[in-house]
Number of protein chains: 2
Amino acid sequence: MNGHSKGPHLDPVYVCGHKDPMAVRELLTRVGDKWSIFLILSLAKLPGCRARFSDIERAIPGISQRMLTMTLRHLERDGLVTRELFPEVPPRVEYELTSLGRSLLEPMQGLVDWVTTNWEQVKEARAQFDGKQGSNIVDATTAGA
Amino acid sequence: MNGHSKGPHLDPVYVCGHKDPMAVRELLTRVGDKWSIFLILSLAKLPGCRARFSDIERAIPGISQRMLTMTLRHLERDGLVTRELFPEVPPRVEYELTSLGRSLLEPMQGLVDWVTTNWEQVKEARAQFDGKQGSNIVDATTAGA
DNA sequence: AAAATACAAGAAGGCACTTTCACATCAGTT
DNA sequence: AACTGATGTGAAAGTGCCTTCTTGTATTTT
């Protein structure tokens, strides 16, 4: 219907006969980088889903000014946050989740819940898998009694 | 409680006073790579959430054998898919979403729905943002009548 | 006058993720 | 005897994200 042409080096192919996987991957690419989810969930917890630059910086240990700036720009570009500059000195800038950004919180919460419920299982699966790799080389194929 | 030591270079810090953002980011790191979501959603659509290697390969245009193998290994390691090798010649291998993997489909569907509903808005926001950058240099600050 | 503030952009480098290409298996087919 | 099929591994190269460091502003404080 609408010829969507942009997107980060994604072939305009409808995978599996649907366009959903393509678009979902774009979303995951957008939100799955190192810092975006921290920004989104941090803003979500603050009153009015709003905070200034330095507040977010403090809320996310380890983030650099550069990455905070860049991540906020990306989210702003995608319409998920707004940026409001108050021309004071020193400057004050407030970021806020847009309604679009807040609408993303619901499905995000679904992921949060899934992780809360199931992450332990994932870690166990990893431990078991890694254990098998290192020590138990002998398997049914080679273990002909 | 349990000293989890592995994980992709993540500081053991509880961000925002919760551990959720950390774990969610781990999940997004896991599932947010270039191909994982295609694999998961492809398997989800197939009968029994099960398919062989070459079927998945055909279902995902552009994926290389190497990336398909590696992505499947990662998902297997995390307990999201199982791998069953039939020692035939030529070999046959079937992959299937585990119950853990299938439980992830529900929150994933939440993302799919959000994208279906809102992605157009994201694209519009991007277009508008990119437009402002290029041409409309003059803003309220410099435009003192 | 020098320092601190709050925010942000630029350059340079490292590292991780991806891609591409080649190679290996082993029975059945030509 | 060479080829094909189905799955997978290894090496090498490319690409882009992320980190770190530096520079900048204009006012208030010391």
Side-chain angles (χ1 to χ4, degrees), chain A residues 7-11 25-26 28-39 50-77 81-96 133 137 139 141-142, chain B residues 6-11 13 25-26 28-39 50-77 81-96 129 133 137 139 141-142 144:
Chain A
H9 49 72
L10 289 175
D11 305 330
R25 183 163 105 66
E26 287 193 70
L28 288 179
T29 300
R30 170 80 287 286
V31 150
D33 63 2
K34 183 159 184 182
W35 299 109
S36 287
I37 192 64
F38 288 154
L39 284 192
R50 187 177 180 92
R52 14 187 335 183
F53 185 89
S54 47
D55 293 330
I56 307 175
E57 191 180 9
R58 269 185 292 275
I60 304 177
I63 195 171
S64 63
Q65 283 190 348
R66 174 142 182 90
M67 285 314 293
L68 180 53
T69 300
M70 293 188 68
T71 307
L72 284 166
R73 282 294 172 287
H74 290 320
L75 295 175
E76 185 192 0
R77 183 171 106 99
V81 307
T82 56
R83 182 186 122 107
E84 187 174 5
L85 166 65
F86 298 84
E88 309 169 357
V89 170
R92 176 164 59 101
V93 180
E94 292 188 3
Y95 292 92
E96 182 177 337
Q133 295 303 86
I137 314 282
D139 62 354
T141 310
T142 61
Chain B
K6 293 207 60 169
H9 48 71
L10 288 175
D11 304 329
V13 179
R25 184 165 106 65
E26 286 194 70
L28 289 179
T29 299
R30 170 82 287 285
V31 149
D33 63 2
K34 184 160 183 181
W35 299 108
S36 286
I37 192 64
F38 288 154
L39 285 192
R50 188 178 181 90
R52 26 190 320 188
F53 186 89
S54 48
D55 292 330
I56 307 175
E57 190 179 9
R58 270 186 292 276
I60 305 176
I63 195 171
S64 64
Q65 284 187 350
R66 177 151 181 84
M67 285 313 293
L68 180 53
T69 299
M70 294 187 67
T71 307
L72 283 167
R73 282 294 172 289
H74 290 321
L75 294 175
E76 185 193 0
R77 182 170 107 98
V81 307
T82 56
R83 181 188 123 105
E84 187 173 5
L85 165 65
F86 297 85
E88 308 168 356
V89 171
R92 175 163 60 99
V93 180
E94 293 188 3
Y95 292 92
E96 181 176 337
F129 186 91
Q133 295 304 84
I137 315 282
D139 62 356
T141 308
T142 61

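To find a chain, count down the sequence lines: A is the first, B the second, and so on, and within it residues start at 1.
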Interatomic distance where [atom1] belongs to [X] and [atom2] belongs to [N] [whole Å]:
{"X": "A:Phe38", "N": "D:dC18", "atom1": "CZ", "atom2": "P", "result": "12 Å"}
{"X": "A:Leu68", "N": "C:dA6", "atom1": "CG", "atom2": "C1'", "result": "12 Å"}
{"X": "B:Arg66", "N": "D:dG10", "atom1": "CZ", "atom2": "P", "result": "8 Å"}
{"X": "A:Gln65", "N": "D:dT19", "atom1": "CD", "atom2": "P", "result": "14 Å"}
{"X": "B:Glu84", "N": "D:dA6", "atom1": "CD", "atom2": "P", "result": "18 Å"}
{"X": "B:Glu57", "N": "D:dA6", "atom1": "CD", "atom2": "C1'", "result": "9 Å"}
{"X": "B:Leu85", "N": "C:dT25", "atom1": "CG", "atom2": "C1'", "result": "12 Å"}
{"X": "A:Lys34", "N": "C:dC15", "atom1": "NZ", "atom2": "P", "result": "13 Å"}

5' priority, DNA chain C, between A:Met70 and A:Pro91 [closest heavy atom]: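 First, find each residue's nearest nucleotide; the 5'-ward one identifies A:Pro91.
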5' precedence on DNA chain C between B:Ile63 and A:Leu72 (nearest-nucleotide basis):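 Per heavy-atom nearest nucleotide, the more 5' residue is A:Leu72.
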Can you figure out which of [options] approaches the side chain of [X] most closely?
{"X": "B:Met67", "options": "D:dG5, C:dT19, C:dC7", "answer": "C:dT19"}
{"X": "B:Phe53", "options": "C:dC7, D:dT7, D:dT19", "answer": "D:dT7"}
{"X": "A:Asp33", "options": "D:dA6, D:dC18, C:dA6", "answer": "D:dC18"}
{"X": "B:Val89", "options": "C:dC26, C:dT5, D:dA6", "answer": "C:dC26"}
{"X": "B:Thr69", "options": "D:dT9, C:dT18, D:dC18", "answer": "D:dT9"}

Using a heavy-atom cut-off of 4.0 Å across all strands, would you classify [X] as base, sugar-phosphate, or nothing?
{"X": "A:Arg52", "answer": "sugar-phosphate"}
{"X": "B:Arg58", "answer": "nothing"}
{"X": "B:Ser64", "answer": "base"}
{"X": "A:Tyr95", "answer": "sugar-phosphate"}

Just verifying a value: how many Å separate [X] [atom1] and [Y] [atom2], rounded to the nearest 0.5 Å?
{"X": "B:Met70", "Y": "B:Leu68", "atom1": "CE", "atom2": "CG", "result": "11.5 Å"}
{"X": "B:His74", "Y": "B:Met67", "atom1": "NE2", "atom2": "CE", "result": "7.0 Å"}
{"X": "B:Thr71", "Y": "B:Arg30", "atom1": "OG1", "atom2": "CZ", "result": "7.5 Å"}

B:Arg25 backbone acceptor or donor facing B:Thr29 side chain under 3.5 Å: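 The answer is yes, because a donor-acceptor pair under 3.5 Å joins these two groups.
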Short side-chain donor-acceptor distance under 3.5 Å, B:Thr69 and B:Arg73: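 Looking only at side-chain atoms, B:Thr69 and B:Arg73 do not form any donor-acceptor pair under 3.5 Å.
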